[in-house]
Amino acid sequence: MTSVLVLGATGRSGAAVIAELPPSVRVVAALRSPRDATRPPTVPAPVEAVVLDLTDPTSVRAAARGIDVVVNAVRLREDIPPAALVDLHESLRSAAPNDPGIVTVGGAGSLHLPDGTRFWRHPSFPPPTLPRGIAHAQLRDHLESGAAGAGWVYLIPPPTFVPDGPRLGDFASSDRPPTSTRSRRPEP
């Protein structure tokens, strides 16, 4: 049985990830505090809960023991430093005992615009989310440079992310912001 630890499980992205996991997967929801245990996402599969302090390698090691995949759907708040997400990724890599794969739910700020610049630089990018947009671009650059080794996946929701919207049953693979609101399955 595959075991998945979901960081940010009670948030929009984390709950959406858990909702898509098949019942055959052992799901462990990482919570920031014991009082978050009243907020786990409602999903068909049973979900275990563990309180996890991301700043404590011992806590991360304990939560990741026996885990095959870590899904990082954490949304760091406020004015985060540009390297915050790179630091988080590397701390997860170094603290996890069995080198699980890491799937990061990224941010649209890391997308490339047609002129090659990052979406976070575009005037329409929302100013309150600018620090996260910059941090996601740095994380994506870090991952793609090879510095993070193998065993990672970086998912980028569309700029207008509606996690409780209708399921379309398909997806698009692209490095650019979508030009329409309807996703299409890529041609083989």
What closest approach, in Å, do [X] and [Y] show between heavy atoms, and which atom pair accounts for it?
{"X": "Val103", "Y": "Val69", "answer": "CG2-CG1, 3.9 Å"}
{"X": "Phe119", "Y": "Ser124", "answer": "CE1-OG, 4.0 Å"}
{"X": "Ile156", "Y": "Gly107", "answer": "CG2-O, 3.5 Å"}
{"X": "Ala137", "Y": "Gly109", "answer": "CB-O, 4.3 Å"}

For the residue pair [X] and [Y], establish whether any side-chain heavy-atom pair is separated by less than 4.5 Å.
{"X": "Pro100", "Y": "Asp68", "result": "no"}
{"X": "Ile134", "Y": "Pro131", "result": "no"}
{"X": "Leu52", "Y": "Val60", "result": "yes"}

- If you count the non-hydrogen atoms of other residues, nucleotides and ligands that lie under 6.0 Å from CZ in Arg75, is the total more than 12?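 For Arg75, atom CZ is not crowded (no more than 12 foreign heavy atoms under 6.0 Å).
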Can you tell me how far apart [atom1] ([X]) and [atom2] ([Y]) are? Round to the nearest 0.5 Å.
{"X": "Arg32", "Y": "Leu7", "atom1": "CZ", "atom2": "CG", "value": "10.0 Å"}
{"X": "Leu113", "Y": "Trp120", "atom1": "CG", "atom2": "CH2", "value": "11.0 Å"}
{"X": "Gln138", "Y": "Leu85", "atom1": "CD", "atom2": "CG", "value": "9.0 Å"}
{"X": "His136", "Y": "Arg132", "atom1": "NE2", "atom2": "CZ", "value": "7.5 Å"}
{"X": "Ile67", "Y": "Ser3", "atom1": "CD1", "atom2": "OG", "value": "5.0 Å"}
{"X": "Thr104", "Y": "Ile102", "atom1": "OG1", "atom2": "CD1", "value": "6.5 Å"}

| request: Verify side-chain contact (heavy atoms from CB on, under 4.5 Å) between Leu5 and Val71, making sure each step is shown before the conclusion. | output: CA-CA 6 Å; Leu5 174 65; Val71 175; over 6 Å; no
Evaluate Leu21 against Val4 for side-chain contact (heavy atoms from CB on, under 4.5 Å), listing each step before the verdict. CA-CA 9 Å; Leu21 293 172; Val4 178; 4.2 Å; yes
Residues which pass salt bridge (charged side-chain N to carboxylate O under 4.0 Å, His left out) with Arg12, listed by chain and number, not counting sequence neighbours: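 Partners of Arg12 by the salt bridge (charged side-chain N to carboxylate O under 4.0 Å, His left out) criterion come out as none, since no residue qualifies.
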Is a side-chain donor or acceptor of Arg118 paired with a backbone partner of Ser110 at a separation under 3.5 angstrom?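 Yes, because the side chain of Arg118 sits within donor-acceptor range (under 3.5 Å) of the backbone of Ser110.
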Can you name the residues that form a side chain to side chain donor-acceptor pair (under 3.5 Å) with Thr55, not counting sequence neighbours?
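Only Asp53 meet the side chain to side chain donor-acceptor pair (under 3.5 Å) criterion with Thr55.
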Would you be so kind as to tabulate the donor-acceptor pairs closer than 3.5 Å made by side chains of residues 89-96, with sequence neighbours excluded?
| unit_1 | atom_1 | unit_2 | atom_2 | d |
| --- | --- | --- | --- | --- |
| Glu90 | OE1 | Arg93 | NH1 | 3.0 |
| Glu90 | OE2 | Arg93 | NH1 | 3.2 |
| Glu90 | OE2 | His142 | NE2 | 2.8 |
| Ser91 | OG | Asp87 | O | 3.4 |
| Ser91 | OG | Leu88 | O | 2.9 |
| Arg93 | NE | Ala148 | O | 3.3 |
| Arg93 | NH1 | Ala148 | O | 3.0 |
| Ser94 | OG | Glu90 | O | 3.2 |
| Ser94 | OG | Ser91 | O | 3.3 |

